[in-house]
Structure formats: C-alpha cells, structure tokens
Amino acid sequence: MKILGIEFAPLDIPMQRRLQTLAVVHYTYIFLFMGFGLLFFFLYLLFTDYYYIPLLYALWYYYDRHTSERGGRRSQWVREWPFFKYFAEYFPISLIKTADLSPAKNYIFGLHPHGIMCHSHFCNMGSEGTGFSLKFPAIRPYLCVLSGQFMFPVFREYFLLSGAVEVSKASIEWILTKEGTGNAVGIIIGGAVEALDAVPDRYVVNLKNRKGFVRLALKHGASLVPVFSFGENNIYTQVSNPEGSRLRRFQLFLTHRLGFSPPIFHGRGIFNYTFGLLPFRRPIYSVVGKPIDVIKRQEPTEEEVDKLHKQYMDALNELFETHKLEYGAKESSELIMY
C-alpha cells in the first residue's frame, strides 16, 4: 500500500519475516545508538542519586580495559543465538567456502568491502548466523573493530561476547601468539573511509596502501585469506559524493578527525519499504577465498611485504572475477583498488 509515495508494509506479514526484521532492527540500532546512548546515560547518572553506578563501572572498566586486546571474551552460547539466524535470513547472507582451512595454522581474513555497517562481516565472524563453525570446524573467528568501540559502557561487554577484539597491532599479535593455532583474525582492510564508497553495484576497495596486515602475516607466519561480500554495498542507498566534491571533502575531514566515516544514506523503515535506517532485503554472498600460505619472517623487508601484498591483491581480484557473475555482479563489473 502506497501513501504519499511511501510504500507501507502489509499487516499480514508471516512471523518468520517479522523475526528477521526484528533481528536486523536489533543490530542496526545497537550499531548506531547503543554506544553513545549508554555513554550519555552514564554521564547523566553522575548527577543523580545513582552516581555510584557509573563510578563502579569505571572501576570495572579500568580493571578489564585490556581484555579487548587480549583475545576478548567470546561466548559461543551468545554467538549461537537463533536470533542471528534470523539476521542472516533477512537479506539473506550466505557464507561460501572455496577451500578447507587447517586448524594447525593461523589466518588473517581480509574482509571486503566495508559497506555502510559491515552487516555481512559481523554476521559471518561475530556470530554463527551463517554457520562459520560448521563450514570451518576447529577455526575460531575474531572480528577486529575500531578500538573506540570498546570505550562505551556496557556496549563493550555485549560486543565482546561476539568474539570481537580491537583492530590494533597488539590485539592481533596476541591472538597470533597467545591463543595457539586455528585462529581466523578478520580485518576489514578498507577501514571506515571505505564506507564512503559503499554504492550499489560499485566495487571499490581501499587496499593499495594498506600493508600492515601483510607485515603481521609475515612476522607470524599467518596465512592470508581474501574474503569478498558480493551485495554488501547494495543494501543501502548513499547520497552521491564523488571524489573531489564538497561533500566528500567534508566527510574525509570528519573521518580523519573522528576515526569513523559519516556516510549519508538511507534504507527502508520498520513499517515501510521506502525510507529508514534498516537495510533493504537484498542478498549478500560472502565468498571465502583460498588461503595464501606465508613463510614466517621475524623481520620482513619492505620488498617481502610489497611482494606478498601484490600477491594478496591479485588473489582478491581473481576471487572477484571468478565469482562475480555467479553472485550478482555484471560481466562488465571491475574491482577497483585504490
């Protein structure tokens, strides 16, 4: 039913679809509002009779502050909530395996592209919504995110249960050296700035100057695994912000100052299909490529880093070209790396 150009959802939607929408509402609104909301709430409590609550939490935070860079505090029970199955079914998100992974090794997963809110990357590596542990038995996934995500009260506790950790050198090295083998460290290589290129049917990744993950792979002998989520950029519509435009310059300025990018976007609403913060129901296919075995180098040279980085870019491009027609991209589509 359309009213004033807005298409409203019918009332007789099956319960399964309602649960899928609820799961996505949960992720989207927590991603956007829970962190800052709880931070402001705790600041408010400081000026009330409940001032002791944020003070006690501050003591806990100080005691526990290193957990997010020392392997986190994952809960398999939380990761296996049926809730996350509904989340994956909403789009749906599919995790496609192209090769086996040996639990005798460690891996660094390069996750591409960032998208607006990393829906597929969280679903695949921060939950069992797409059955990661069934597809890759004996492999423990860790999703690396901005360190600032673990500075928000209570939100950090919830996020840690997913297996998320800080995307810092100390955090990644801890997993690769202190947690044994069979670990898969998922890094969204393009970072927050890549969200500004999250445009439907456009395949742009920020990779050419991102070499830190390659250097860590060499230093610790971790295999590199390219992962590409076809459709991640299709679930929102972003306001046009071409390179060099006033809007893009302003967004880059804020990104460099704040540490996260401010894309201007819209999807659908909870009760309408035209406008809102929820992503559109469009399929996402996350293809996990073959691992690139890496010989350990305690002090890798720049030449070794550049060589492996080129090998990784070639493998990612090959992954894209091999699967693009199968998973919704046009034959003329190209993967642009900058």
Side-chain angles (χ1 to χ4, degrees), residues 35 61-74 101 105-114 118 121-122 124-126 139-152 156 159-160 162-195 205-227 255-261 291-313 315-316 337-338:
Y61 175 82
Y62 181 78
Y63 170 78
D64 194 56
R65 66 191 184 282
H66 295 303
T67 298
S68 57
E69 63 177 8
R70 295 181 180 174
R73 189 164 44 238
R74 71 195 302 112
L101 300 181
K105 298 180 179 180
N106 282 325
Y107 303 90
I108 294 179
F109 279 30
L111 308 178
H112 311 272
H114 182 286
C118 314
H121 306 314
F122 172 80
N124 292 327
M125 302 205 70
I139 302 295
R140 292 179 298 277
Y142 296 84
L143 179 64
C144 292
V145 300
L146 292 174
S147 301
Q149 298 281 13
F150 300 102
M151 298 178 68
F152 294 112
R156 73 180 291 272
F159 207 7
L160 282 168
S162 71
V165 294
E166 292 185 25
V167 62
S168 66
K169 180 181 177 181
S171 174
I172 295 168
E173 288 192 326
W174 178 280
I175 295 169
L176 297 179
T177 60
K178 306 290 187 181
E179 300 291 338
T181 58
N183 301 299
V185 181
I187 305 175
I188 304 169
I189 306 296
V193 70
E194 198 174 84
V205 295
N206 180 13
L207 180 58
K208 280 191 174 181
N209 295 314
R210 302 276 175 146
K211 299 181 181 180
F213 73 103
V214 173
R215 187 170 283 104
L216 286 172
L218 279 165
K219 185 177 179 181
H220 300 288
S223 298
L224 290 174
V225 181
V227 181
T255 301
H256 294 144
R257 293 295 183 276
L258 302 177
F260 59 89
S261 59
I292 303 170
D293 290 330
V294 176
I295 298 174
K296 186 175 181 179
R297 294 281 189 268
Q298 192 62 42
E299 296 293 335
T301 65
E302 288 303 314
E303 183 180 356
E304 289 171 329
V305 171
D306 290 343
K307 181 179 179 181
L308 181 57
H309 185 257
K310 174 67 164 53
Q311 186 179 355
Y312 178 84
M313 289 196 299
L316 178 63
M337 304 182 192
Y338 69 95

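What you see is a predicted model, and the numbers here were worked out from it, not measured in a lab. Throughout, residue positions are numbered sequentially from 1 according to the sequence presented.
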CG-OG1 distance between Leu218 and Thr301, expressed to the nearest 0.5 angstrom: 8.5 Å
Min side-chain heavy-atom separation Gln298-Lys219 under 4.5 Å: yes
Arg65: partners by salt bridge (charged side-chain N to carboxylate O under 4.0 Å, His left out), with sequence neighbours left out: none
Partner residues of Arg156 under the salt bridge (charged side-chain N to carboxylate O under 4.0 Å, His left out) criterion, sequence neighbours left out: Asp64
Nearest non-hydrogen partners of Glu173 and Thr177, listed with the distance: O-OG1, 2.6 Å
Student check: side-chain heavy atoms of Phe152 and Phe150 closer than 4.5 Å: no
Side-chain donor or acceptor of Arg74 paired with backbone N/O of Pro141 under 3.5 Å: yes
Val145 vs Ile188 side-chain heavy atoms within contact, under 4.5 Å: no
Results of ring pair (Phe, Tyr, Trp, His ring centres under 6.0 Å) for Tyr63 - residues two or more places apart only: Trp60
Shortest non-hydrogen contact between Val205 and Glu194, atoms and distance: CA-OE2, 3.2 Å
Partners passing side-chain hydrogen bond (donor to acceptor under 3.5 Å, both in side chains) against Ser223 (at least two apart in sequence or in another chain): Asp293
Heavy-atom check, side chain of Val227 versus side chain of His112, under 4.5 Å: no
Flag, side chain of Glu69 to backbone of Ala170, donor-acceptor distance under 3.5 Å: no
Close side-chain approach of Val294 and Leu308, heavy atoms under 4.5 Å: yes
Ring geometry between Phe122 and Phe159 (parallel below 30°, tilted from 30 to 60°, perpendicular above 60°): tilted
Heavy-atom closest pair, residues Arg210 and Gly190: NH2-O, 3.3 Å
Residues Lys169, Leu216; criterion side-chain contact (heavy atoms from CB on, under 4.5 Å); working and verdict: CA-CA 8 Å; Lys169 180 181 177 181; Leu216 286 172; 4.0 Å; yes
Tyr142 vs Met125 side-chain heavy atoms within contact, under 4.5 Å: no
Spacing of Leu111 atom CG and Leu143 atom CG [to the nearest 0.5 Å]: 7.0 Å
Shortest non-hydrogen separation from Cys144 to Val167 and the atoms involved: CB-CB, 3.6 Å
Partner of Asn183 under side chain to side chain donor-acceptor pair (under 3.5 Å), chosen from Arg140, Lys105, Lys178: Arg140
Listed partners of Lys307 passing salt bridge (charged side-chain N to carboxylate O under 4.0 Å, His left out), at least two apart: none
Donor-acceptor contact below 3.5 Å, side chain His309 vs main chain Leu207: yes
Residue list, salt bridge (charged side-chain N to carboxylate O under 4.0 Å, His left out) with Glu302, at least two apart or on another chain: Arg215
Lys211 NZ to Asp306 CG distance, which is reported to the nearest 0.5 Å: 3.5 Å
Closest approach of Gly110 to Ile189 (non-hydrogen atoms, all atoms of both residues): CA-CG1, 3.8 Å
Contact check, side chains of Ile187 and Ile172, non-hydrogen atoms, under 4.5 Å: yes
Minimum heavy-atom distance Phe213-Ile108, with the two atoms named: O-CD1, 3.7 Å
Pairwise side-chain contact, Ser68 with Val165, heavy-atom cut-off 4.5 Å (strictly under): no
Residues Trp174, Glu179; criterion side chain to side chain donor-acceptor pair (under 3.5 Å); working and verdict: CA-CA 7 Å; Trp174 178 280; Glu179 300 291 338; 3.0 Å; yes
Polar side-chain atom of Ser261 near backbone of Ala192 as donor-acceptor pair, under 3.5 Å: yes
